[in-house]
Amino acid sequence: MPISLNAEQQQAVDQTEGAVLVLSGAGTGKTRVLTARLAHIIGSGLARPWECLAVTFTNRAASEMEERLANMIGEDARQVWLGTFHRIGLRILRRFASELGYAQNFVILGEDDQTRLIKQIMLSEGYDIKKYTPEAVLAAIQSWKDKGITPDKVLTGDRTDFMSGRVLGIYRMYQDRLKSMNAMDFGDLLLLCLELFTENPEILAKYQNQFRYIMVDEYQDTNTAQYLWLRLLAQKWGNLCCVGDDDQSIYSWRGAQIDNILKFDHDFKDAKIIRLESNYRSTAHILAAASSIIRHNEGRLGKELRVAPNRDPDGEKVKVKGLYSGREEALAAVDSLENAYRHGTPYKQMAILVRTTAQTREFEEAFITNAIPYQVIGGAKFYEREEIRDAIAYLRTVALPSDDMAIMRIINKPRRGIGDTTIDLVRQKALKENISFFTALKDLTRPDSFELKPAAKKAAAAFLQSHALWTEYAEKLPPFEALKNILDNAGYIAMWQESTDIKAESKLENLTELLSVLKQRFDSIPAFLEHIALISDTDEIVGDDKVSIMTLHSAKGLEFDTVILAGWEEGLFPHQRALDETGDFGLEEERRLAYVGITRARKNVYITYAANRMVFGQWQTGIPSRFLEELPAADIEILGLPASFKSYSNYTPKIYKPTDPPPPPRKQEAKGSKSGLRVGIRVKHALFGYGVIMKIDGEKLTVLFENGGKKNILASFVTTA
DNA sequence: GCCGTCTGGGTTTTT
DNA sequence: CCCAGACGGC
């Protein structure tokens, strides 16, 4: 299928040999180039599909590319090695796990399991986990892994080791524990793959020979481990094509090395650099705004976006709005979106982009009040939720009894009389004898074992009996039925049904949702477990006509007609922690984030900030982001700024003196029905706390509570708050 | 082992 | 302001 390309794009497609860096600005058609290039390589017989490796950063990007490729070359597309770094690493590791001393069916630990494991190790080593949190230790370990550093390669005096050298010990123990549990974490999928390659030259050679052409998307976000991995694999043929945009590098905190892209021509000899600068997405004003901001960064590869020919040259100016409070900011967004909707833009072509997930709530509330359909992308992720992780842990322990983290998670959930003391004892035994938790538990319930108190022993035996039954379910029933029966039999469903927890109802809904996903999409438990270990919620986009609310980070790679960039205040955006922790570097990364945000938009951009914001239940005054000053006056329109900002070009960055008493929140027009209850009103429930009314049906209210639950209750049980 | 009350700390961004 | 985890009484 022919596909029209501009000259630079065509050049990127034709330049198949050697190292190529395609510097591809936002909206310049990089996915199109990548897929056209793959199609060209395969179509012209330069390589067969499975001799091509295409690596992306997100599953979403991978499936998009696969789909487009399938449209061009048909079923052959499925043969291409196309996926995220982690998925491809996993595929290789599954095949050669034994070379590293792992069994083929190793499990992949999620973040919660990792933290629990670190915590266990720290506690048993006598560390004060208040002083040094497991999360911080895990982060330090993760950052070594991102750099491709195994425990024996950590240099003395590595400054990421905030516990004066002791994190390394924990790292070592953590890796040992993972291995004895036959488990890997996310970072291992790359790190161990690297180890596999370096220790087994014949395996490396196999893949080097196989991958004649390698392509990488979002190269600016690769970390050192990924860089090393690519370099090894590309060594034989040298055909490595990396596509990226240094101006969109926003993941340094996760180990991404912007240097990878900045030094590409230094790392790979005779590298060709091709610039894609024709933007097919946004209007001139939007591009001008984005360029003007990013121009304040130093050390860029240099690249200017131009409006591609034959497009509406100007469009509307970028609108900058100052609002009184976070609430008003959200209401202003409602206005703008409704206006866009009236002018023919569907809701699904609109997005609110925020810096932090905490900002989403205010918009949700305003959207509920004003009946604007919305979805929050990312945020509290489905597969990270307690009930989902629990259900998965049940499946895991049944699929693989030696999965220690899984069994420990659910053994006393619901309560079965197996408390911390018993769990600790079993764990110690397992550790000492180097057996799995499950085996240790079995041993301790044997008639000739008396280490457990009778009550605990009885409880443990009962659990094992149930476990055997669950295993039978898993063997005999389809996955969906199996999980349903397991959760029922385990009393897990009943636990939530009987719970007075405000979140119980939504947890039950989520479990139903999980079951239906399982039913629709999976016919084997292992396949399902493998899938959920690697996906994230930003991967799933639904086609409903809804406004998307998400962070700037998860917006990368997406585009919308209308984009609202909210919360442009000093400290929030740029975020204070970025400034504190990495200074100018952090500021530049925040600026790139602004650039990413603006360039998501095709037609309309609104940038808003609030003078006052409720943080931790306290009113805080904010000052407009410095990034606002970096916008080009000719391309923006200023609306509703507080008086002292009338002159945009020379504002003094202080509207409200910190010594002034915090301004009272503006009361929303509380008039309405005589009970005072209306959709959107904030109410308080004695048991469930604060929430917002989503729906009123006579005396029956649907309330979205602030701690996450949605509940139907009678109006008489709430008071306005 | 379980369940209630208390308190200090927390909101950057996530494959 | 809210929540997870610690603590103490049963």
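Each chain gets a letter, A, B and so on, in the order its sequence line appears, and its residues count up from 1.
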Taking the side chain of [X] as its heavy atoms from C-beta onward, which of [options] lies nearest to it?
| X | options | answer |
| --- | --- | --- |
| A:Ser554 | B:dT15, B:dT13, B:dT14 | B:dT14 |
| A:Arg254 | B:dT15, B:dC3, B:dT11 | B:dT15 |
| A:His86 | B:dT13, B:dG1, B:dT15 | B:dT15 |
| A:Arg415 | B:dT13, B:dC3, B:dT15 | B:dC3 |
| A:His553 | B:dT15, B:dT13, B:dT11 | B:dT13 |
| A:Ile129 | B:dT15, B:dT13, C:dA6 | C:dA6 |

So is [X] actually on top of [Y]'s ring, under 6.0 Å and inside 45° of the axis?
| X | Y | result |
| --- | --- | --- |
| A:Arg626 | A:Phe573 | no |
| A:Arg254 | A:Tyr251 | yes |
| A:Arg91 | A:Trp81 | yes |

Closest to the 5' end of DNA chain B, once A:Val615 and A:Thr421 are matched to their nearest nucleotides, is A:Thr421

Report the residue (A:Leu593 or A:Arg416) whose heavy-atom-nearest nucleotide on DNA chain B is the more 5′ of the two. A:Arg416

[X] [atom1] to [N] [atom2]: how many Å, rounded?
| X | N | atom1 | atom2 | result |
| --- | --- | --- | --- | --- |
| A:Tyr251 | B:dT13 | OH | P | 11 Å |
| A:Ile423 | B:dG1 | CD1 | P | 8 Å |
| A:Asn59 | B:dT14 | CG | P | 15 Å |
| A:Asp424 | B:dG1 | CG | C1' | 14 Å |
| A:Leu552 | B:dT11 | CG | P | 19 Å |
| A:Arg60 | B:dT15 | CZ | C1' | 12 Å |
| A:Asp580 | B:dT13 | CG | C1' | 15 Å |
| A:Gln220 | B:dT15 | CD | P | 15 Å |

Within the 4.0 Å heavy-atom criterion, would you say A:Glu386 contacts the bases, only the backbone, or no part of the nucleic acid?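 It contacts nothing in the nucleic acid.
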
Indicate, with a heavy-atom threshold strictly under 4.0 Å, whether A:Asn412 touches base, sugar-phosphate, or nothing. sugar-phosphate

Does a donor on one side chain and an acceptor on the other come within less than 3.5 Å for A:Thr357 and A:Thr360? no

Examine the side chains of A:Tyr492 and A:Asp390 and answer whether a donor and an acceptor come within less than 3.5 Å of each other. yes

A:Trp253 stacking on B:dT13: centroids under 5.5 Å, ring planes under 30°? yes

